[in-house]
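What you are looking at is a predicted structure, and each value in this text was computed from that prediction instead of being measured.
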Amino acid sequence: MTEDEHPHPLRAAPPDVWDAVRDDYLAGMSGPDCCRRHGVTLAALRARAARNGWRRADQPWRPPHQLDPWDEGMELEDRIGGDMNMIDFGDLPHVASSRMARAILRGDAVGALRWHRVHQLVQEDDEELRRWIETEDLRQRRAEWEAERDARHDAEDEAEALVEAARDSVESVESILESRPEDADL
């Protein structure tokens, strides 16, 4: 079978693809992930890395907790400026779901199941927090309504007391006026 007869002739990837593969590989992305992302074979990557001296050991050290530049959590961490107190827990299910999808694409069933469980737990926690906030909001609104109602009742009671005091005063004045002789000068 000649090259013309082969349904998918093999061609080398262009240099710009290999530059991107090298950058991702040296940044810490796994060989299989680099291959999937850029459409090259793992054997070709390993051969090129050996031939051109792409050694991760020669790269600067990165702390293990630092996110990879292509990780979904990187955008979230940038947005909150590293302040974990600023995380909106509604964003975490997306990160877990994206990591689950990446694990599935890698063929990492255990990793996919782990991230699926993390996704479920984070989503359940987020929903519970939202329910709690709604409940607290309702409690606060009810307390405000009850305080307004009590203030209204207190004002009504005070108004009734003033009306009653005014009636008593009028009755008192009327009884004094009735008990006086009619010919008395005022």
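Each of E144, E146, R139 was checked for a side chain to side chain contact (heavy atoms under 4.5 Å, CB included) with R142, and the lone residue meeting it is E146.
In this structure, R36 contributes its side chain and P32 its backbone to a donor-acceptor pair below 3.5 Å. Looking only at distances, no side-chain donor or acceptor of S172 sits under 3.5 Å from a matching main-chain atom of D168. Between the side chain of D88 and the backbone N or O of D91 there is no donor-acceptor pair closer than 3.5 Å. Checked by atom type and distance alone, the side chain of N52 never pairs as donor or acceptor with a backbone atom of W54 at under 3.5 Å.
A49 and Y25 get closest at one heavy-atom pair: CB-CE2, 4.3 Å. Contact between A103 and A112 at its shortest, heavy atoms only, is CB-N, 3.4 Å.
Cluster membership for L26 and L42, using ILVMFWY side-chain heavy atoms within less than 4.5 angstrom, is shared. Placement of V17 and M29 in two distinct hydrophobic clusters is found when ILVMFWY residues are connected by side-chain heavy-atom separations under 4.5 Å, directly or transitively. Using a 4.5 Å cut-off between side-chain heavy atoms of Ile, Leu, Val, Met, Phe, Trp and Tyr, with links allowed through other members, V95 and M86 fall into the same hydrophobic cluster.
To the nearest 0.5 angstrom, S98 atom OG is 10.5 Å from W115 atom CH2. Once rounded to the nearest 0.5 Å, the distance linking CG of D24 with CG of D19 reads 11.0 Å. Atom CZ of residue R22 and atom CG of residue L45 lie 12.0 Å apart, to the nearest 0.5 angstrom. Summarising the geometry, atom OG1 belonging to T135 is positioned 13.0 Å from atom CD belonging to Q140; distances are rounded to the nearest 0.5 Å. Note that the CG atom of L162 and the CZ atom of R167 stand 11.5 Å from one another [nearest 0.5 Å]. How far CD1 of I80 is from CE of M84: 5.5 Å, rounded to the nearest 0.5 Å.
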Checking L92 against L76 for the side chain to side chain contact (heavy atoms under 4.5 Å, CB included) test, could you report, in this order, the C-alpha distance in whole Å, the side-chain angles of both residues, the deciding distance, and whether it holds?
CA-CA 9 Å; L92 295 179; L76 179 59; 3.7 Å; yes
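Counting heavy atoms of neighbouring residues, nucleotides and ligands inside a 6.0 Å radius, atom CD of E158 does not exceed 12 of them. Counting non-hydrogen atoms of neighbouring residues, nucleotides and ligands closer than 6.0 angstrom, the CZ atom of R46 reaches no more than 12 such neighbours.
Taking D137 as the reference, R141 meet the salt bridge (Lys or Arg N to Asp or Glu O under 4.0 Å) condition, with sequence neighbours excluded. Judged as a salt bridge (Lys or Arg N to Asp or Glu O under 4.0 Å), and not counting sequence neighbours, R51 has no contacts.
Under the 4.0 Å criterion applied to side-chain N and carboxylate O atoms, R102 and D33 are not assigned as salt-bridge partners.
Residues M100 and H116 are in side-chain contact: their nearest non-hydrogen atoms beyond the backbone lie under 4.5 Å apart.
For the side chain to side chain donor-acceptor pair (under 3.5 Å) condition, the pairs that include at least one residue of residues 121-132, sequence neighbours left out, are D126-R130.
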